[in-house]
Amino acid sequence: MTATTPAATASPTVAPLASAPAAPAGSGRSRGARVTLRTLQVLLGVFFAVASGVPKLIAHPTAVESFDKLGWGAPGMYTIGALELLGGIALLLPLLSSLAATAFIGLMIGAFVVTITAFGGENAATPLILVLPLAWIAWARRDETTKLVARL
């Protein structure tokens, strides 16, 4: 006959040891959605900072040609490049991610208009396609904007 020890019986109030970490309070998103959202933020952050911002900041010949055609020259190119680099970094910072995504939506709408009016519409769909994931990030991380405003 074996004796039952208190450790051998499970209490209904004790959580299992192998439980998954709980979602952040108020997120309401599954782990998969949170991972997808964070992955999207990293991909867009790297894209805007490295693939889009840096060529303007190093005055890559194609960027120089585009901004000269617009009549914006070096000041416009460096300004847009700096905004893209800083915005790309901000997409990676939780407190700034929603604000950065919202700012990028404005920048992409401007890029769409410029592409249509100055470049005959070539590649005009690209900025519009980027608006969709940026809008998701801005909406999903909107609580961070509330926290940011509360700190001011």
Side-chain angles (χ1 to χ4, degrees), residues 13-152:
T13 59
V14 176
L17 294 176
S19 66
S27 76
R29 287 185 292 276
S30 70
R31 183 177 189 279
R34 290 190 318 270
V35 169
T36 301
L37 180 62
R38 188 67 181 150
T39 301
L40 191 58
Q41 283 179 247
V42 170
L43 290 174
L44 286 175
V46 170
F47 168 76
F48 280 115
V50 177
S52 191
V54 169
K56 294 172 182 81
L57 294 174
I58 64 170
H60 190 274
T62 57
V64 172
E65 179 185 345
S66 295
F67 280 87
D68 284 345
K69 184 176 180 181
L70 288 171
W72 296 359
M77 180 180 64
Y78 290 126
T79 300
I80 299 294
L83 289 172
E84 289 176 338
L85 176 64
L86 295 173
I89 293 167
L91 276 175
L92 304 176
L93 304 173
L95 192 61
L96 298 174
S97 59
S98 178
L99 183 62
T102 303
F104 271 129
I105 289 170
L107 192 65
M108 290 301 99
I109 291 170
F112 172 74
V113 170
V114 167
T115 302
I116 293 293
T117 58
F119 296 109
E122 185 180 341
N123 300 319
T126 303
L128 290 182
I129 291 168
L130 291 171
V131 166
L132 295 175
L134 289 167
W136 183 40
I137 292 168
W139 179 81
R141 302 290 190 206
R142 66 193 180 280
D143 292 340
E144 298 300 327
T145 302
T146 305
K147 290 177 191 175
L148 181 62
V149 170
R151 286 185 171 192
L152 299 177

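No hydrogens, no waters, no symmetry mates; every other heavy atom, side chains included, goes into these values.
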CG on L107 to CZ on F112, rounded to 0.5 Å: 14.5 Å

Value rounded to 0.5 Å, distance of OG1 in T102 from CG in L96: 11.5 Å

Between A138 and A101 the two heavy atoms that sit nearest each other are N-CB, 3.7 Å

A135: side chain to side chain contact (heavy atoms under 4.5 Å, CB included) partners, not counting sequence neighbours: I105

I need the minimum non-hydrogen distance between V50 and V54, along with the two atoms involved. O-CB, 3.4 Å

Who pairs with S98 by side-chain hydrogen bond (donor to acceptor under 3.5 Å, both in side chains), at least two apart in sequence or on another chain? T145

Which atom pairs, donor and acceptor, lie under 3.5 Å between side-chain atoms of residues 85-94 and protein residues at least two apart or in another chain?
none

Any side-chain heavy-atom pair from P133 and L44 closer than 4.5 angstrom? yes

Point-to-point distance, once rounded to the nearest 0.5 Å, from CE of M77 to NE2 of H60: 11.0 Å

S66: side chain to side chain contact (heavy atoms under 4.5 Å, CB included) partners, not counting sequence neighbours: F119

With sequence neighbours left out, which residue pairs that include part of residues 36-55 fulfil the salt bridge (Lys or Arg N to Asp or Glu O under 4.0 Å) condition? none

So side chain to side chain donor-acceptor pair (under 3.5 Å) across residues 120-135, not counting sequence neighbours, yields none

For residues 125-144, the ring pair (Phe, Tyr, Trp, His ring centres under 6.0 Å) pairs (sequence neighbours left out) are none

Test your reading of the model: is there a side-chain donor-acceptor pair from K56 to the backbone of S52, 3.5 Å cut-off? yes

Which residues share a side chain to side chain contact (heavy atoms under 4.5 Å, CB included) with V35, sequence neighbours left out: R31, T39

According to ring pair (Phe, Tyr, Trp, His ring centres under 6.0 Å), does anything in residues 30-50 pair up with another residue at least two apart or in another chain? List the pairs. F48-F104

Is there any salt bridge (Lys or Arg N to Asp or Glu O under 4.0 Å) pair reaching into residues 59-83, and which pairs are they, with sequence neighbours excluded? none

Working to the nearest 0.5 Å, report the span between OG1 of T115 and CE of M108. 9.0 Å

The reported gap from CD1 in I137 to CG in L99 (rounded to nearest 0.5 angstrom) is 13.0 Å

Within residues 79-99 or reaching into it, pairs that qualify as ring pair (Phe, Tyr, Trp, His ring centres under 6.0 Å) - sequence neighbours excluded: none

Could you list the residues that satisfy side chain to side chain contact (heavy atoms under 4.5 Å, CB included) with Y78, not counting sequence neighbours? L57, A59, A74

Criterion salt bridge (charged side-chain N to carboxylate O under 4.0 Å, His left out) against E144, the qualifying member of R141, K147, R142: K147

